[in-house]
Visitor: 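Take this structure first; my questions come after.
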Amino acid sequence: MFHASDITEAAPSAAKLLATCEPLPRPTSSDYETVRRAVEFISTDFRSQPSLAAIAEAVNLSPAELEALFRRWAGLTPKAFLQAVTIDKARELLASGASLLDAAFDVGLSGPSRLHDLFVRHEAMSPGFYKAKGEGIDLAYGFTDSPFGRALVIATDRGLAGVGFSEGGAAGDAAALDDMRRRWPRARFREDQTAIEPFAQRAFDPAEWMRDRPLRVVLIGTDFEIRVWETLLSIPVGSATTYSRVAETIGAPKAARAVGAAVGRNPVSFVVPCHRVVGKSGALTGYHWGLSRKRAMLGWEAGVLARG
DNA sequence: CAGCATCCGTACA
DNA sequence: TGTACGGATGCTG
């Protein structure tokens, strides 16, 4: 179904988003950690609708301090974030996202609602490469702070190849790296902070999402997986779609479950927005890096839009 | 909300 | 090429 009104409503908010995102003061590492814990707490306990005081207590700050810090980080209050993270909100996102996805494909490759495509340019690695399990390629990796916790960033010389998350500490880092190594067991991994820094800086900062300087992403996967991941790139920021809807879009209407599996194998978490796919009921059914992260990402994106 | 029918893609032989 | 497997589904009661 195509609704012209969906596009005309979406386009201004996109322009607004791009025009009004001013660079944020770069938060310190410990600020990230505090906000991450607050996000975690809210995401986990949103059903009980905790008060500001309760959230502040959980992260050992006064309510005023938390509010200021949170607002600086996400541009909205903890209370507003809490609201954004509820299932109702996810349903709302779903309602708009589904029709936007339809619209994008009805219009053709550069439909006006393909917001995410404006700043991500992707290319698929050859099937041969995938078959060789990464044989003969160098992957640079490094860790960085992100709004969703400590992130593992992986890059080839052609672009961003992976984003994952660490639970923190040496063990968390090792687990995240292992997770990535299993995807491309024959690739050569080397720690290289300099190589991943440009991607680390840009992936999580909306002020850096610019059409004229698209983020280069390389997708390494099977044919089917790549079709699924490309579809994810057409879901606008701050909206959502369903597994079955993605299945229909790629022409395999009965493959909802296989789509779920493929979405789960997306190596470039967040940048390829697998968090914007939810169950048909609007429930957030699963996430490779933890459901609370998925909630946080959807809430964070709602906040990014609200700030404009 | 718990159970289950169904069914696709993948891995491995 | 065949087959076993299991899942980030989606209905049904």
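Hydrogens, waters and symmetry mates play no part in the numbers below; they use all other heavy atoms, side chains included. Chain letters run A, B, ... following the sequence lines, proteins first and then strands; every chain starts at 1.
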Visitor: Write down the distance between NZ (A:K280) and P (C:dT12), rounded to a whole number of angstrom.
Guide: 11 Å

Visitor: May I ask you to say what A:Y287 touches in the nucleic acid, namely base, sugar-phosphate or nothing, with a heavy-atom cut-off under 4.0 Å?
Guide: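 A:Y287: base contact, heavy atoms under 4.0 Å.
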
Visitor: Separation of A:E248 atom CD from B:dC8 atom C1', in whole Å?
Guide: 15 Å

Visitor: Under a 4.0 Å N-O cut-off, is there an ion pair linking A:E225 with A:R183?
Guide: no

Visitor: What integer distance in Å separates A:I226:CD1 from B:dT10:P?
Guide: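 Atom-to-atom, A:I226 to B:dT10, this comes out as 10 Å.
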
Visitor: Charged N to carboxylate O below 4.0 Å: is that the case for A:D145 and A:R150?
Guide: no

Visitor: Please classify the nucleic acid contact of A:A261 as base, sugar-phosphate, or nothing, using heavy-atom distances under 4.0 Å.
Guide: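 Touches nothing.
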
Visitor: Check the side chains of A:H288 and A:D179 for a donor-acceptor pair under 3.5 angstrom, ignoring hydrogens and angles.
Guide: yes

Visitor: With the side chain of A:C274 defined as its heavy atoms from C-beta on, choose the nearest nucleotide among B:dT10, B:dC8, C:dA8.
Guide: C:dA8

Visitor: Report the distance from atom CG of A:D179 to atom P of C:dA8, rounded to the nearest whole Å.
Guide: 13 Å

Visitor: Is the phosphate of C:dT9, meaning OP1 or OP2, less than 4.0 Å from a side-chain N or O of A:T242?
Guide: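 Looking at the OP1 and OP2 atoms of C:dT9, neither is under 4.0 Å from any side-chain N or O of A:T242.
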
Visitor: Answer yes or no: is there an ion pair linking A:E301 with A:R276, defined by an N-O contact shorter than 4.0 Å?
Guide: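 Yes, charged N to carboxylate O under 4.0 Å.
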
Visitor: Report the distance from atom CZ of A:R183 to atom C1' of B:dA11, rounded to the nearest whole Å.
Guide: 17 Å

Visitor: Give a yes/no verdict on a cation-pi contact between A:R181 and A:F189, requiring under 6.0 Å between NZ or CZ and the six-membered ring centre and an angle within 45° of the axis.
Guide: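 Yes, cation above the ring, under 6.0 Å and within 45°.
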
Visitor: Taking CD from A:E225 and P from C:dG7, how many angstroms apart are they, rounded to a whole number?
Guide: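 Those two atoms, CD and P, are 15 Å apart.
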
Visitor: Starting from C1' on C:dT9, measure out to CZ on A:R257 and report it in whole angstrom.
Guide: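 Answer to the nearest Å: 5 Å.
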
Visitor: As a test of reading the structure: which of B:dC8, C:dA8, B:dT6 is closest to the side chain of A:K294, going by heavy atoms?
Guide: C:dA8

Visitor: OP1 or OP2 of C:dT9 sitting under 4.0 Å from any side-chain N/O of A:S244?
Guide: no

Visitor: Which stems, defined as runs of 3 or more consecutive Watson-Crick or G-U wobble pairs with both pairing distances under 3.5 Å, involve DNA chain C?
Guide: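 Stems for DNA chain C, defined as runs of 3 or more consecutive pairs: B:1-5 with C:9-13, B:7-13 with C:1-7.
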
Visitor: What's the CZ-C1' distance between A:R293 and C:dA8, to the nearest Å?
Guide: 16 Å

Visitor: Under 4.0 angstrom, heavy atoms only, what part of the nucleic acid is A:G264 near: base, sugar-phosphate, or nothing?
Guide: base

Visitor: Please check if the number of heavy atoms outside A:E57 that lie under 6.0 Å from its CD is greater than 12.
Guide: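 Count not over threshold, so no.
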
Visitor: Under 4.0 Å between a side-chain nitrogen and a carboxylate oxygen: does that hold for A:R216 and A:E123?
Guide: yes

